[in-house]
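First up is the structure itself, then whatever we jot down about it.
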Amino acid sequence: MIISSRFFNRSELIGFIALAAVLFVILPLSLDVFRLNLVAKYLTYAFVAIGLVLCWGYGGILSLGQGVFFGLGGYCMAMFLKLEASSIENTKIQSTPGIPDFMDWNQVTSLPLFWQPFHSLSLTILAIILVPGLFALIIGTAMFKRRVGGTYFAIITQAVAAILTILIVGQQGYTGGINGMTDLRTLKGWDIRPDHAKVILYFVEVVLLFVCIGIAQFIRLTKLGRILVAMREQEDRVRFSGYSVANFKIFAFCMAAVFAAIGGAMFALNVGFMSPSFVGIVPSIEMVIYTAVGGRMSIFGAVWGAILVNFAKTSLSESFPQLWLFGLGALFIAVVLAFPNGLSGLWADYAQPRIDRLFASRKSKAGWNDSSVADGAPAE
Amino acid sequence: MFGDYSLGDLGSIFVMQGFAGLILFSVYVLMALGLAIIFGQMGVINMAHGEFMILGAYVTWMTSNLFQTYLPSLFSGYFFLAMILAFVASGALGMLVEWVLIRHLYKRPLDTLLATWGLSLMLQQAYRSVFGAREVGVELPQWMLGSLHITDSIEVPINGVFVMCLTVLITVGVAYVMYKSRWGRQVRAVVQNRIMAGAVGINTEKVDRYTFGLGCGIAGVAGSAFTMIGSTGPTSGQLYIVDTFLVVVFGGAASLLGTIASAFSISQTQSTLEFFMSGSMAKVLTLLAVVGILMLRPQGLFALKVRK
């Protein structure tokens, strides 16, 4: 197991294989397309949760505005899809053909300038990465260079989420208002609505998710990850050692923003619409709870957290709508009071030692020279 | 934009707009006072503050219904009893919450945020189950309806004036309690140096509990006052929580004066801008301005100079 000591330690390798097996094989084989599409929707939040592991778990920066970046990514994608769905033939009954229907309803007669780049798919993909990234860079630079952190940062990101929601809802003619962008149909002429398209999109998304997991794991293992942890524990000491604390925080925050934006873009593709109800304060805080439930220090935990909480939400709110809010509220409180490291913390504290002991005893019976356990023990 | 109005009309529009701003200011101050105590003095982020407020509003609504059914002759004065009940109910719930939840989290402010958010979700659902999902409005007594005619073109609603007077009274009361009373001195001592305060014989746990209770109680009174100018639903509290936090942070968390000043500037900006553009754009610009200034001055307008 050479790879285990380099990129994943042993327990992470098990986690990786388990996640890959579930997402690539078990779920696609066992679920119908409708349910699989729901899982795809849950997984879009997993992107956000992985970003939060980097920025909150490792960097110690709690952002309550991840909905902003999720929304920016989602809206970029939705704008491209909307333009494609609003071709001249499709919209010939409008008073101005060739522009999205909500613009026509709101007496906007020509396509606004900031919509123009979204005619091109490559520019759209660039925008999905760059717009939220630059936005995060501006916010991060303004805040971290002035050493704003902790609660103040959380409250300000929350205000940013509120601002963006009000803006989107208020500027109906340019953004589709409270209804958002609906009726998205094709991607470069390829219909995204039928079942086989949903399945393909699901696999595209899972691949992207594993790319993001890989990037996050890489960041975690390099010196950068260590500095992030050091910064969270003793910020002043890191600063006095000559590191630019602000730049590391800005980097983590921007990475989290880009991950969230990719999730948002996949959301628009999978679900077929985008609306301000995924941007504001409430969804942003729920995104934090996915990470908290999964474990704020664990990348795989965050993915599981996103899947499990959303699964619970769907199944509970289908059958007991009143119970769901009580359940979610209790989950917030329980995570904070009882298991601050989330599911992965519970796993590491209770299940992991038992499994290790099981393996260790077998191996010692077989007389193996077991060095991988020492490798596998995390340094933290 | 101004062509259609005469100079006198413009004057009255600005006076009335300013007055609308003053009512908004009163609401902000009432909501932010409790939060300024909890967040500014204790460092706890109470995301359930709005729900404590809504509890006060529901208590007021129930009291008014009781008076209407059983004591119609005293209906004109129900409000004063309702306010006291709202304070007691929200304060008691606050102390309970402090004992069950908050006291375990004093070292972890960001976790109080998550935990109290969970609390707020549960309270919202509880309100929905008990009082129903629709919004409820309180029937105002006769003397509170109508408006004062100051000149021919300027008139101000009486309930607004009442809420403003109430705000002034409560603010003065809180300032007195915090800065003049023995108990307020204990609170500030605990905030400045918990260990030392404990060493000189202050029961810091008790002080924490009562401080949190006081903050929540004031939120209840704010909710009670709020019923005078608007209706209440299970999720109304959530609408204001960001605004309220911004008011407190913008003013400088630990400063009462700062809270008042920032509530004043935010509400006046908002109501003046509302005259020129749509309400939502006014709100966006106001929030942007606040966030922008906070980036320049992270500690808020009236930061206390403390050694860190």
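In what follows, every heavy atom counts, from backbone to side chain, and hydrogens, waters and symmetry copies are set aside. Bear in mind the structure is a predicted one, so any value in this text is a computation, not a measurement. In what follows, chains are A, B, ... by sequence order, proteins preceding strands, each numbered from 1.
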Do B:L113 and A:V288 come within less than 4.5 Å of each other through their side chains, counting heavy atoms only?
no
Using distance only, find each side-chain donor-acceptor pair of residues 240-247 of chain B under 3.5 Å and give its atom names and separation, not counting sequence neighbours.
| from | atom 1 | to | atom 2 | distance (Å) |
| --- | --- | --- | --- | --- |
| B:D243 | OD1 | B:K283 | NZ | 3.2 |
| B:D243 | OD2 | B:K283 | NZ | 2.7 |
| B:T244 | OG1 | B:Y240 | O | 2.6 |

Which residues in residues 327-336 of chain A have any heavy atom closer than 4.5 Å to a heavy atom of chain B?
A:L328, A:G329, A:A330, A:F332, A:I333, A:V336
Heavy-atom contact with chain B under 4.5 Å, split by part of A:W56
side chain
Would you say that more than 12 heavy atoms from the other residues, nucleotides or ligands in this model lie under 6.0 Å from the OH of B:Y106, or not?
yes
Atom group of A:A154 that falls short of 4.5 Å from chain B, counting heavy atoms
side chain
Not counting sequence neighbours, list each pair that qualifies as a side-chain hydrogen bond (donor to acceptor under 3.5 Å, both in side chains) and has a residue in residues 141-164 of chain A.
A:K145-A:N247
When you look at CZ of A:F248, are more than 12 heavy atoms from neighbouring residues, nucleotides or ligands closer to it than 6.0 Å?
yes
Heavy atoms only, distances under 4.5 angstrom: which of B:L287, B:T286, B:V291, B:L123 has the most pairs with chain A? Name it, please.
B:L287
Heavy-atom count check: over 12 atoms from other residues, nucleotides or ligands less than 6.0 Å from B:E205 CD?
no
The interface call for A:L323 against chain B, heavy-atom contacts under 4.5 Å, is neither
CG on B:L114 to CD1 on A:I285, rounded to 0.5 Å:
8.0 Å
Can you list everything that forms a side-chain contact (heavy atoms from CB on, under 4.5 Å) with A:E235? Sequence neighbours excluded, please.
A:M231, A:R239, A:V245, A:K249
Grab the two heavy atoms, one from B:M122 and one from A:F326, that are nearest each other, plus how far apart they are.
O-CE2, 3.3 Å
Heavy-atom proximity to chain A below 4.5 Å, by part of B:I45
side chain
Part of B:M281 within contact of chain A (heavy atom distance under 4.5 Å)
side chain
Answer yes or no: does atom CH2 of A:W115 have more than 12 heavy-atom neighbours from other residues, nucleotides or ligands under 6.0 Å?
yes
When you compare the side chain of A:I155 with that of B:F250, does any pair of heavy atoms fall below 4.5 Å?
no
For residues A:G170 and B:S280, report the shortest heavy-atom separation together with the two atoms involved.
CA-OG, 3.6 Å
Would you indicate whether A:F339, at its atom CZ, is surrounded by more than 12 heavy atoms from other residues, nucleotides or ligands within a distance under 6.0 Å?
yes
